[in-house]
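Below: one structure, written as structure tokens.
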Protein chains: 2
Amino acid sequence: MNGHTLGECTKSILPVRDALEVLNGKWKLPIIVSLMFGNKRFSQIAREVPGITDKMLSKELRDLECNELVKRKVYDSIPVVVEYSLTDYGHSLKVVIEVLRAWGMKHRERMMGEVTV
Amino acid sequence: MNGHTLGECTKSILPVRDALEVLNGKWKLPIIVSLMFGNKRFSQIAREVPGITDKMLSKELRDLECNELVKRKVYDSIPVVVEYSLTDYGHSLKVVIEVLRAWGMKHRERMMGEVTV
DNA sequence: CCGCATCCAGTTCGATACTG
DNA sequence: CAGTATCGAACTGGATGCGG
């Protein structure tokens with residue numbers, strides 16, 4: 001039963017790690033979900049993601065932008081307006097999130113019976 | 001376009017968080033994958049997950065056991081032998097991991113062109 | 001062989017205040 | 001409005017050594 005090496009297994013989980021990292025942290029998920037409902041401005045996201053600080057929002061948006069999940073568009077008005085939107089690629093996360101959500105819901109039920117939260 | 005409240009969105013991502021937490025951290029994934037190939041004993045897992053310390057392995061296994069993903073079976077021999085295995089429920093994670101892996105691979109390609117790693 | 005206790009380092013995250 | 005700077009708390013994960 002050792003037809004596989006653990007090295008291979010290790011390699012095969014690297015992409016999984018990548019995917020997890022993209023969703024990782026307290027804020028990326030709510031930000032992405034928020035943007036799935038439409039383009040938003042900085043302070044609008046801040047309002048819709050309760051508890052996040054400007055610093056965190058700024059950092060997470062930059063992360064997401066680096067990963068090409070979020071697009072940042074600056075309007076040269078005064079005061080400056082910045083609009084964030086999910087890229088098509090960002091929207092492709094929806095499937096992933098759905099699968100996670102489906103499994104997570106089963107897990108909740110299993111772990112807590114039928115607790116309200 | 002405000003037919004939804006952010007409260008609802010927040011609630012809808014809770015199960016996603018649950019699922020992410022189950023896979024989260026440096027070690028849970030390699031441990032799960034290792035156990036997908038068959039039942040293992042503590043030190044065998046330790047060998048197959050390079051870099052993990054006993055403390056971490058112990059903690060992660062307990063976590064996974066709490067979540068009913070891993071089953072722990074103690075053989076009353078001397079010295080004691082403990083065998084870990086994935087529960088059926090644990091195996092149900094395979095689908096989730098596959099989806100993450102698929103997305104993660106696309107992401108790797110997108111982010112790095114075609115790097116070897 | 002299996003696992004825990006202790007101590008320690010790195011990173012993440014939050015609070016507050018400030019800029020163009 | 002859209003961020004940045006700084007500080008510090010909290011959490012995660014690692015090294016080492018011990019105990020059943």
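Note that these values count all heavy atoms, side chains included, but never hydrogens, waters or copies made by symmetry. Below, chains carry the letters A, B, ... as their sequence lines are ordered, and counting in each starts from 1.
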Handout entry: Atom-to-atom span, NZ of B:K26 to P of C:dA9 - whole angstrom
Key = 17 Å
Exercise for the section: Identify whether any heavy atom of B:Y84 sits under 4.0 Å from a base atom; if not, whether one sits that close to sugar-phosphate; answer base, sugar-phosphate or nothing. Expected result: sugar-phosphate
Handout entry: Electrostatic pair B:R110:A:E68 at N-O distance under 4.0 angstrom
Key = yes
Completion exercise
Between NZ of A:K40 and P of D:dA2 the distance, given in whole Å, is 13 Å
Exercise for the section: For residues B:D18 and A:L100, determine if any side-chain heavy atom of one lies less than 4.5 Å from a side-chain heavy atom of the other. Expected result: no
Practice task
Verify whether one side chain among A:S34 and A:E48 offers a donor that lies under 3.5 Å from an acceptor in the other.
Solution key: yes
Completion exercise
Rounded to whole Å, the CG-P distance (A:D76 to C:dG20) equals 18 Å
Exercise for the section: Please list all pairs passing the salt bridge (charged side-chain N to carboxylate O under 4.0 Å, His left out) test where one or both residues lie in residues 22-31 of chain B, with sequence neighbours left out. Expected result: B:K28-B:E60, B:K28-B:D63
Exercise for the section: Using atom CD of A:E48 as one end and atom P of D:dA2 as the other, report the distance to the nearest whole Å. Expected result: 13 Å
Practice task
Mind calculating the distance between CD1 (A:I45) and P (D:dC1) to the nearest angstrom?
Solution key: 13 Å
Completion exercise
Side-chain contact check for A:W27: nearest option of C:dC13, D:dC1, D:dG3 is C:dC13
Practice task
Assign A:G51 to base, sugar-phosphate, or nothing according to its heavy-atom contacts below 4.0 angstrom with the strands shown.
Solution key: nothing
Handout entry: DNA chain C: 5'-proximal contact among A:N24 and A:V80 (nearest heavy atom)
Key = A:N24
Exercise for the section: Using a cut-off of strictly less than 4.0 Å, decide whether B:R41 has a side-chain nitrogen or oxygen near OP1 or OP2 of C:dC1. Expected result: no
Problem - DNA chain D contacts made by residues 52-74 of chain A, counting heavy atoms under 4.0 Å - result: A:D54, A:K55, A:S58, A:R62, A:R72
Problem - Carboxylate-amine/guanidinium proximity below 4.0 Å for A:K40 and A:E83 - result: no
Practice task
Before accepting this row, confirm whether a basic side-chain N of the pair B:E98/B:R101 lies closer than 4.0 Å to the acidic partner's carboxylate O.
Solution key: yes
